[in-house]
Peer 1: 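First, the structure itself, so that you have it in front of you.
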Amino acid sequence: MRKQIAAANWKMNLSQSEADSLLNELFQTAFHLAAHQEAIFAVPSIYIHQTKAKLAGKQNMYVAAQNCHQKNNGAFTGEIAAPMFASVGVKHIVLGHSERREYFTESDALLAEKVNAVLAIDSTPIFCCGEPLDIREAGNQNIFVEAQLKNSLFHLSAEQIVKVVIAYEPIWAIGTGKTATSEQAQEIHAYIRSVFASKYGQSIADQISILYGGSVKAANAKELFSQPDVDGGLVGGASLIASEFTAIINALQ
Ligand code: 13P
């Protein structure tokens, strides 16, 4: 059974004490995650230590990084390497978020290097893809997303690709309050799975978790997650509100 995941992406938000309060409030609820379900917290790197401490002893809950450098070490002031994250117990790293692609000009080729760096330390890349509004309006979202996947992931072996989690995040739905309908999400998630099936075969494609991101909230999570090819969500704004993210975790199927 493939993994169902509720992943929080805090982005560049919260002070240390606000982060602490959010986690305290969140863990007033006792979560009962099934063996195939996970909750992941992609926090600003400076809060990884404190978040990891809060998650200690909690089943199927992990702290994640929001990005890493493609090299393992070197003179790259201000950057953090994948092996450094591994050394503090981080096993999941978000890569290729549309904000990084846009504001930090991350290309498909660079992301292929970052994916390699994360897999090399036996961690899970949470690989983001998704189209801007003009591409969606022209009906070209499938071609656009397929190219992102091919350019950054198709060099991987079948053994490696099953370790990657995909997060489909249409840019027009991020932080806009405008969510893709569950039909739109299902349609493109199924397409993404078919892209992997054509390269790696159906049984490998069926093992890859594909998360939806873009204005996921308590009110729409259940409906989105009930779609057969939507395996959970990558959540921005609503992950900063304890009651919202609690409901989103509980909406996992
Ligand atoms: P919102 O949930 O705020 O739309 O952000 C989605 C996102 O970018 C998660 O990575």
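All ligand and atom numbering here is 1-based and tracks the order in the structure. These values consider heavy atoms only, across backbone and side chains, with no hydrogens, waters or symmetry-generated copies.
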Peer 1: Can you report which non-hydrogen protein atom sits closest to atom 3 (O) of ligand 1, along with the distance?
Peer 2: G237 N, 2.8 Å
Peer 1: Flag the pair E106 and K114 as a salt bridge only when some basic side-chain nitrogen lies within less than 4.0 angstrom of an acidic carboxylate oxygen.
Peer 2: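 Here E106 pairs with K114 in a salt bridge, since their nearest N and O are under 4.0 Å apart.
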Peer 1: If the contact criterion is a heavy-atom separation under 4.0 Å, does G175 count as touching ligand 1?
Peer 2: yes
Peer 1: Among residues two or more places apart or on two chains, list those pairs meeting ring pair (Phe, Tyr, Trp, His ring centres under 6.0 Å) that have a residue in residues 153-180.
Peer 2: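 Residue pairs with at least one partner in residues 153-180: F154-Y200, Y168-H189.
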Peer 1: Where's the contact between N9 and ligand 1, heavy-atom distance under 4.0 Å: side chain, backbone, both or neither?
Peer 2: side chain
Peer 1: Quick one: nearest non-hydrogen protein atom to atom 2 (O) of ligand 1, plus distance?
Peer 2: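 Result: G236 N, 2.9 Å.
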Peer 1: Any non-hydrogen atom of K217 lying under 4.0 Å from ligand 1?
Peer 2: no
Peer 1: Less than 6.0 angstrom from the centroid, inside 45 degrees of the normal: does K58 satisfy that with respect to the ring of F27?
Peer 2: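 Yes; both conditions hold, so K58 lies above the ring face of F27.
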Peer 1: Which protein heavy atom lies closest to atom 9 (C) of ligand 1, and at what distance to 0.1 Å?
Peer 2: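 Sorting protein heavy atoms by distance from atom 9 (C) of ligand 1 puts E169 OE2, 2.9 Å first.
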Peer 1: Is it true that, when you exclude N73 itself, more than 12 heavy atoms of the residues, nucleotides or ligands shown sit nearer than 6.0 Å to its CG?
Peer 2: no
Peer 1: Counting only heavy atoms not in K11, do more than 12 fall under 6.0 Å of its NZ?
Peer 2: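 Above 12, so yes.
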Peer 1: Does ligand 1 have an atom under 4.0 Å from some heavy atom of G213?
Peer 2: no
Peer 1: Is a donor on one side and an acceptor on the other found under 3.5 Å between the side chain of Q37 and the backbone of Q4?
Peer 2: no
Peer 1: Considering only protein heavy atoms, which is closest to atom 5 (O) of ligand 1, and at what distance to one decimal place?
Peer 2: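 In this structure, atom 5 (O) of ligand 1 has K11 NZ, 3.3 Å as its nearest protein heavy atom.
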Peer 1: Does the pair E131/R136 count as a salt bridge with the N-to-O cut at 4.0 Å?
Peer 2: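 Result for this pair is yes, salt bridge flagged.
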Peer 1: Give the atoms of ligand 1, by number and element, whose distance to some non-hydrogen atom of G214 is under 4.0 Å.
Peer 2: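 Answer for ligand 1: 4 (O), 6 (C).
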Peer 1: Applying a heavy-atom cut-off of 4.0 Å, say which part of A173 lies close to ligand 1: side chain, backbone, both or neither.
Peer 2: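 The answer is the backbone of A173.
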Peer 1: Could you list all the ring pair (Phe, Tyr, Trp, His ring centres under 6.0 Å) pairs where at least one residue sits in residues 228-251, not counting sequence neighbours?
Peer 2: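 Sorted pair list: F41-F245.
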Peer 1: Looking at H97, which atoms of ligand 1 are within less than 4.0 Å of one of its heavy atoms?
Peer 2: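 Heavy-atom distances to H97 below 4.0 Å select 7 (C), 8 (O), 9 (C), 10 (O).
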Peer 1: Has A42 got any heavy atom lying under 4.0 angstrom from an atom of ligand 1?
Peer 2: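 Judged by the 4.0 Å heavy-atom criterion, A42 does not count as contacting ligand 1.
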Peer 1: To the closest 0.5 Å, what do you measure between CG (L149) and CG (D108)?
Peer 2: 9.0 Å
Peer 1: Using a 4.0 Å cutoff against the non-hydrogen atoms of S215, which atoms of ligand 1 qualify?
Peer 2: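 Those of ligand 1 that fall under 4.0 Å from S215 are 1 (P), 2 (O), 4 (O).
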